Amino acid sequence: MSAGADGGGGAVAAERARPGGSPEDGFVPSALGTREHWDAVYERELQTFQEYGDTGEIWFGEESMNRLIRWMQKHKIPLDSSVLDIGTGNGVFLVELAKFGFSNITGIDYSPSAIQLSGSILKKEGLSNIKLKVEDFLNPSPELSGFHICIDKGTFDAISLNPDNAVEKRRQYVTSLSEVLKIKGFFLITSCNWTKEELLTEFSEGFELFEELPTPKFSFGGRCGNSVAALVFQKTGTSLEKR
């Protein structure tokens with residue numbers, strides 16, 4: 001993983017397929033978009049945790065987790081709301097959610113090693129009521145549904161780098177999100193690859209922007225911008241057909 005732009009945690013940085021390209025042009029395909037890569041990453045992290053107790057990197061840093069939890073507290077999201085962490089990785093965000101009192105939490109990842117690592121970390125923290133599942137979010141199981149909150153910190157970024165038809169996989173992601181999230185439910189996404197405007201386009205069907213979260217700014221060549229985009233979408237009543 002590369003160093004994140006939002007506080008030092010791991011994140012998936014990408015290069016545009018062509019300079020100034022549109023979202024449909026996508027990014028240069030990368031191993032970072034493959035399951036094989038992440039299986040290998042989490043196998044190493046699992047071994048490191050077993051040997052040294054090191055939980056591994058926090059994607060986008062601790063501030064990214066605190067930012068999302070502050071938003072949930074600000075909007076008085078009930079602590080028993082069903083929360084889904086998409087691409088949970090080492091599960092550290094699940095631990096933080098539990099520490100703040102959220103009690104109906106599920107973490108999914110398509111890497112069995114990631115889920116094994118998450119389980120080991122949760123056990124070390126004494127947390128036994130958090131659900132973990134090996135799931136490919138692009139093809140979710142029927143029981144993965146009815147969530148009030150869905151959270152993504154870098155998973156959509158990784159999917160966007162898949163060498164095998166990333167455009168279609170992005171569409172599948174949006175369809176899956178519509179299936180697992182309740183109407184009027186919230187989707188919180190943090191991305192280091194997509195701008196706010198591009199994310200609005202990617203999630204234009206079935207979702208509307210609820211709020212943009214503040215993220216670190218940078219200045220270069222007299223221009224200012226955000227190194228990370230963090231948005232909250234709300235699912236509308238418009239349903240998406242399975243594509």
Side-chain angles (χ1 to χ4, degrees), residues 1 4 7 9-11 35 38-156 158 176-177 179-182 185-190 232:
M1 299 182 214
R35 183 179 306 195
W38 295 111
D39 279 338
V41 166
Y42 287 114
E43 284 170 11
R44 291 195 300 270
E45 291 199 4
L46 177 60
Q47 184 176 354
T48 299
F49 177 78
Q50 291 170 339
E51 293 179 0
Y52 305 107
D54 183 0
T55 57
E57 294 187 82
I58 300 174
W59 277 42
F60 298 102
E62 289 187 15
E63 173 55 25
S64 67
M65 298 191 300
N66 295 334
R67 179 191 302 126
L68 300 179
I69 292 172
R70 283 196 302 268
W71 181 88
M72 294 168 77
Q73 292 178 314
K74 170 187 172 184
H75 290 278
K76 296 181 171 56
I77 303 298
L79 294 178
D80 61 352
S81 298
S82 52
V83 181
L84 177 65
D85 188 22
I86 302 168
T88 197
N90 58 15
V92 173
F93 187 55
L94 303 176
V95 174
E96 292 303 307
L97 287 168
K99 286 180 178 178
F100 277 87
F102 290 96
S103 59
N104 188 3
I105 311 167
T106 300
I108 62 169
D109 204 292
Y110 65 10
S111 170
S113 294
I115 294 301
Q116 188 178 348
L117 174 60
S118 298
S120 298
I121 291 172
L122 294 178
K123 182 178 180 181
K124 180 182 177 181
E125 295 286 340
L127 299 170
S128 58
N129 61 337
I130 295 176
K131 297 179 282 292
L132 293 171
K133 300 183 69 177
V134 177
E135 285 269 1
D136 178 358
F137 189 66
L138 300 187
N139 295 284
S141 56
E143 60 268 24
L144 200 72
S145 63
F147 288 93
H148 296 97
I149 304 283
C150 288
I151 296 170
D152 181 322
K153 294 198 299 94
T155 298
F156 188 71
S176 295
L177 181 64
E179 291 175 352
V180 305
L181 189 62
K182 284 178 173 288
F186 295 105
F187 172 54
L188 286 65
I189 181 169
T190 304
V232 179

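Keep in mind it's a predicted model, so treat the numbers as computed, not measured.
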What distance separates Leu94 CG from Ile105 CD1, expressed to the nearest 0.5 Å? 6.5 Å

Is the shortest heavy-atom distance from the side chain of Phe102 to the side chain of Ile77 under 4.5 Å? yes

For Ser103 and Asn129, the nearest pair of non-hydrogen atoms, with its separation, is O-ND2, 4.0 Å

Which heavy atom in Cys150 sits nearest to a heavy atom in Leu177, and how many Å separate them? CB-CD1, 3.9 Å

Where Thr88 and Ser118 come nearest, the two heavy atoms and their spacing: CG2-OG, 3.7 Å

Less than 4.5 Å apart, any side-chain heavy atom of Val232 and any of His75? no

Taking Asp80 for the side chain and Ser82 for the main chain, is one N or O donor matched with an acceptor at less than 3.5 Å? no

Determine the minimum heavy-atom distance between Val95 and Leu127, stating which atoms define it. CA-CD1, 4.0 Å

Close side-chain approach of Leu97 to Ile69, heavy-atom, < 4.5 Å: yes

Using a 4.5 Å cut-off on heavy atoms from C-beta on, say whether the side chain of Leu79 contacts that of Phe100. no

Can you tell me how far apart NZ (Lys131) and CG (Leu122) are? Round to the nearest 0.5 Å. 12.0 Å

Yes or no on side chain to side chain contact (heavy atoms under 4.5 Å, CB included) for Phe147 and Thr106, after CA distance, side-chain angles and deciding distance? CA-CA 9 Å; Phe147 288 93; Thr106 300; 3.8 Å; yes

Provide the closest heavy-atom pair for Gly89 versus Tyr42 in the form atom of the first, atom of the second, distance. CA-OH, 3.3 Å

Got Met65 and Val92 here, is their nearest side-chain heavy-atom distance under 4.5 Å? yes

Which atom names give the shortest non-hydrogen contact between Ser176 and Pro140, and what distance separates them? OG-CD, 3.4 Å

Evaluate the side-chain proximity of Leu84 to Leu144: yes if any heavy-atom separation is below 4.5 Å, no if none is. yes

Roughly how far, to the nearest 0.5 Å, is CD1 of Ile86 from CZ of Phe187? 5.5 Å

How many angstroms lie between OH in Tyr110 and CG in Asn139, if you round to the nearest 0.5 Å? 12.5 Å

Report yes if the side chains of Leu68 and Lys153 come closer than 4.5 Å at any heavy-atom pair, otherwise no. yes

So how far is it from Ile151 CD1 to Phe93 CZ, rounded to the nearest 0.5 Å? 4.0 Å

Quick check: do Lys133 and Ser141 have side-chain heavy atoms less than 4.5 Å from each other? yes

Taken to the nearest 0.5 Å, the spacing of Ser81 OG from Ile149 CD1 works out to 6.0 Å

